[in-house]
Amino acid sequence: MTSPVRVRFAPSPTGYLHVGSAHSALANWLFARRVGGEFLLRIEDTDAERNRPELVDNILEMLRWLGLDWDGEPIRQSDRGELHLAAVETLVAAHAVYACDCTAEDVQARNKAAGGKPGYDGFCRDRGLEPGPGRALRFRVPDEGRTGWDDLVRGEMSFANADLEDFVVVRGNGKPLFLLANAYDDADMGITHVIRGEDHLNNTPKYLLLQDALGLTRPEAFAHMPLLVNEQRKKLSKRRDDVSMASYRDAGYLPEAMVNYLALLGWGPPDGIEVRPVSEIVDLYRLEDVNPSPAFFDPKKLSFVNAEHLRALSTDEFLARAEPFLTRGVPSMEALRVLATEAQERVRTLTEVEPMVDFLVVDEPEVDEDSWTKAITKGKQVPEMLDASITRLDALAADAWTAEVVQEAIGAAAIDAGLVNAEGKPQLSKAQGPVRVALTGRTVGLPLWESIAVLGRDRTLARLRSTRGRLG
RNA sequence: GCCCCCAUCGUCCAGCGGCCUAGGACGCCUCCCUUUCAAGGAGGUAACACGGGUUCGAAUCCCGUUGGGGGUGCCA
């Protein structure tokens, strides 16, 4: 009987949660949820210099937003200092580490003299220095043999010990380093599968050697996830790529769409259906099926996936999600509901809802210059069309103001204005241009008749007259 | 430099020795539908990096080359 699965996401609060870390977190979460294991959170905040506590809040907030719920309380690595120190004692007692007082400059100078090879040269290995202030502790890496592991994504992996340098485990100030804290905590917390980014691949043999030296149980397996890269094929970096999760949330992306898209990076469902509920992805996702090559984070496809999820929402749900993005005012729910399904079909992000419905809440529509040029300045029979529209619509009773009636009126106006085709039918395509710009300020938007119906008789006529007035 | 990883359309994924004249998706292009824009429908564009093996047979296995990336901290 194998032990129950337990995985962890171990972010370091040195930056906001970005799509790359979220991708790793997701792989952990999907794995744990499918097999009924535990998904733990461990904040790796041992570097006091670079830690920003407020970033922990951001990381937790974004994980919650994505729906990647974790089990138990987040563990702070900084609370585990004593355990790490005890582990250091074990290493010292076992002679697995030795003291070293070389400075980085010393090492570099010797390397230069020796032919320019970077890395530690083992200078202090046999000097028998006593551990003490200012002296780092280095791990005595075996000269021979290989250290390997089972990698769910990449198969059997192994490194020659001879290629590993004697890495530092404890700083000169007595503070244990990431490698030690990480390897120790994973074992101590009973982590069975270590799922992380490929950038940790080179750390893994050191990690394993450390656990061996401490007499700890190694994880059953690892999974080194493909890196997410930008269009230059470089690892996504928070510095140059603006990939913070919060910025996507604020740009109107749905968390389920983000999760869906992230899952598609390095993996594809067996039935080829890419856009689907997260619950289905939980059932289908397999680390064994993850493609090990780096994947480009494609905003265009994210956009498509988001649009699909947006359309799958019920009207009420769509409105609820869109509401926080209506910063210029929220039209009445009755008004919104009429246009909601139309808007839902057209937007790719929630931020795109506002420009489609803001004509309902502003006093005067903001006129888009290009739209004005296109439909008014360069339009045909514009004054005639506006005049005819005003006449026809003004003739309608307020209680007969429906999309159907409005459509008929505009059609009649088009005929009045001479906008007819060979068969004498109104050219609605041309006729609606000036009217749309007069009412919404733009040439593109939601279906006009419905928009007019919702805008109401008074405002519609007022805007048409105002625009007609501008033409002189 | 050294170590390591990766290598199928522009992008993501499928393919795990014959079903491949390589499939799906995004993007892009054309057409249809149409009150604008979308959505939808129908088409189209486009890839196995290269060279050696292994095999009756290779996109699939092995080796090399090339290319890309990651690591190489008393950061995580």
Side-chain angles (χ1 to χ4, degrees), chain A residues 10-15 44-47 49-51 77 100 102-104 111 115-120 134-138 153-154 157 159-160 162-165 167-179 181-182 197-205 224 226-227 229 231-235 261 264-275 289 291-298 300-305 307 311 342-348 352 356 371 374-375 407 410-411 414 426-433 435-437 440 442-451:
Chain A
S12 150
T14 54
E44 308 226 315
D45 55 354
T46 52
D47 185 354
E49 307 278 294
R50 307 197 317 155
N51 264 334
Q77 197 162 54
C100 169
C102 298
T103 64
N111 286 340
K117 290 186 185 175
Y120 187 67
R135 289 176 179 174
L137 255 30
R138 286 184 181 272
V153 174
R154 290 152 210 276
M157 299 284 307
F159 282 65
D163 289 329
L164 307 174
E165 62 180 13
F167 54 94
V168 173
V169 167
V170 182
R171 293 183 176 90
N173 65 9
K175 289 280 200 181
L177 251 19
F178 156 78
L179 232 18
N182 185 258
E198 191 202 312
D199 44 350
H200 283 289
L201 210 50
N202 293 273
N203 288 150
T204 305
H224 285 97
L227 252 25
V229 300
E231 45 276 84
Q232 280 79 240
R233 297 253 128 207
K234 300 255 193 249
K235 178 169 81 158
Y261 178 63
L264 258 18
L265 258 19
W267 175 84
D271 58 9
I273 300 172
E274 295 186 319
V275 178
D289 294 336
N291 184 336
S293 26
F296 169 57
F297 183 84
D298 185 0
K300 284 228 184 82
K301 181 135 184 185
L302 201 215
S303 213
F304 165 79
V305 174
R311 278 182 223 117
E342 298 291 350
Q344 202 172 347
E345 242 177 36
R346 272 156 253 259
V347 298
R348 297 171 79 84
E352 289 174 8
M356 286 186 173
S371 295
K374 191 178 170 195
Q407 175 175 3
I410 298 289
Q427 291 179 298
L428 293 175
S429 181
K430 286 188 178 123
Q432 59 95 41
V435 175
R436 183 183 291 280
V437 171
T440 70
R442 305 183 183 92
T443 50
V444 301
L446 267 13
L448 232 209
W449 329 136
E450 285 75 10
S451 297

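Naming: A, B, ... by sequence-line order, numbering from 1 per chain. Owing to the predicted nature of the structure, the values given are computational and were not obtained by experimental measurement.
Using a 4.0 Å heavy-atom distance criterion, A/Ala136 is classed as a base contact. Looking at heavy-atom distances under 4.0 Å, A/Gly266 makes contact with sugar-phosphate atoms alone, never a base. A/Pro292 comes within contact range of the sugar-phosphate backbone alone, with a heavy-atom separation under 4.0 Å but no base atom that close. Contact annotation for A/Phe167: no contact, since no heavy-atom pair falls under 4.0 Å across all strands. Base contact: A/Leu448 has a heavy atom under 4.0 Å from a base atom. No engagement by A/Thr14 is indicated, since no non-hydrogen atom pair under 4.0 Å with the nucleic acid exists. Residue A/Glu450 is in base contact, counting any heavy-atom pair closer than 4.0 Å across all strands shown. Contact annotation for A/Asn203: base contact, defined as any heavy-atom pair under 4.0 Å involving a base atom. Note on A/Arg233: only backbone sugar-phosphate atoms sit closer than 4.0 angstrom, heavy atoms only; bases stay farther off. At a threshold of 4.0 angstrom between heavy atoms, the contacts of A/Asp271 with the nucleic acid are absent.
Taking atom P on both B/rG73 and B/rC12, the two are 30 Å apart, rounded to the nearest angstrom. When the C1' atom is used for both B/rU55 and B/rG43, the distance is 40 Å, rounded to whole Å. B/rG68 and B/rG53 have their P atoms separated by 27 Å, given to the nearest Å. Separation of the P atoms belonging to B/rA47 and B/rC9 is 9 Å when rounded to the nearest angstrom. Across B/rA39 and B/rG15, the matching P atoms stand 30 Å from one another, rounded to whole Å. With C1' as the reference atom, B/rU54 and B/rC61 are 8 Å apart, rounded to whole Å. Taking the C1' atoms as reference points, B/rC20 lies 11 Å from B/rA58, given to the whole Å.
B/rA25 is paired with B/rU11 under the Watson-Crick or G-U wobble criterion, all donor-acceptor distances under 3.5 Å. When both pairing distances are held under 3.5 Å, B/rG67 makes a Watson-Crick or G-U pair with B/rC6. Summarising the base pairing, B/rA46 is matched to no nucleotide, lacking a Watson-Crick or G-U wobble pair whose two defining distances lie under 3.5 Å. The partner of B/rU54 is absent, by the rule that a Watson-Crick or G-U pair needs both atom distances under 3.5 Å. Pairing for B/rG1 goes to B/rU72, judged as Watson-Crick or G-U wobble with the two contacts each under 3.5 Å. The partner of B/rC33 is absent, by the rule that a Watson-Crick or G-U pair needs both atom distances under 3.5 Å. Here B/rC20 sits opposite no nucleotide as a Watson-Crick or G-U wobble pair (both hydrogen-bonding atom distances under 3.5 Å).
In this structure, the CH2 atom of A/Trp449 is 13 Å from the P atom of B/rC37, given to the nearest Å. Rounded to a whole Å, the CZ atom of A/Phe296 is 18 Å from the C1' atom of B/rU8. Between the C1' atom of B/rC26 and the CZ atom of A/Arg348 lies a distance of 9 Å, rounded to the nearest Å. The separation between A/Ile273 atom CD1 and B/rG24 atom P is 15 Å, rounded to whole Å. In this structure, the CZ atom of A/Phe178 is 8 Å from the P atom of B/rA76, given to the nearest Å. Spacing between atom CE of A/Met356 and atom P of B/rA39 amounts to 10 Å, rounded to whole angstrom units. Per the geometry, OH belonging to A/Tyr120 stands 25 Å off P belonging to B/rG1, to the nearest Å. Rounded to an integer number of Å, the gap from A/Arg171 CZ to B/rG73 P is 15 Å.
With B/rU36, B/rG27, B/rC4 as the candidates, the nucleotide lying closest to the side chain of A/Lys300 is B/rG27. Ranking B/rA38, B/rU35, B/rC6 by closeness to the A/Glu345 side chain, first place goes to B/rA38. Considering only the side chain of A/Asp199, B/rG71 comes nearest among B/rA38, B/rG71, B/rU35. Considering only the side chain of A/Glu198, B/rG69 comes nearest among B/rG69, B/rC74, B/rA7.
With hydrogens and angles ignored, a donor-acceptor pair closer than 3.5 Å exists between the side chain of A/Asn202 and the base of B/rG70.
Between A/Lys234 and B/rG69 there is a side-chain N or O to OP1 or OP2 distance below 4.0 Å. For A/Arg138 and B/rC74, the shortest distance from a side-chain N or O to OP1 or OP2 is below 4.0 Å. For A/Arg442, no side-chain nitrogen or oxygen approaches OP1 or OP2 of B/rA38 to under 4.0 Å. Phosphate contact (OP1/OP2 of B/rA76, side-chain N/O of A/Thr46, threshold under 4.0 Å): present.
Side-chain atoms of A/Glu165 come within 3.5 Å of backbone atoms of A/Tyr120 as a donor-acceptor pair (strictly under, hydrogens ignored). Using modelled atom types, one side-chain atom of A/Arg436 and one backbone atom of A/Leu446 make a donor-acceptor pair closer than 3.5 Å.
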| said: For A/Glu198 and A/Arg154: C-alpha separation, side-chain torsions, deciding distance, then whether salt bridge (Lys or Arg N to Asp or Glu O under 4.0 Å) applies. | reply: CA-CA 10 Å; A/Glu198 191 202 312; A/Arg154 290 152 210 276; 3.5 Å; yes
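The CZ atom of A/Phe178 sits 9.0 Å away from the OG atom of A/Ser12 when rounded to the nearest 0.5 Å. Taking CG from A/Leu264 and NZ from A/Lys301, the interatomic distance works out to 5.5 Å, rounded to the nearest 0.5 Å.
An aromatic stacking contact between A/His224 and the base of B/rG70 is absent, as defined here by ring centres under 5.5 Å apart and ring planes under 30° from parallel.
Side-chain atoms of A/Pro447 and A/Gln432, non-hydrogen and from C-beta on, never get closer than 4.5 Å to each other.
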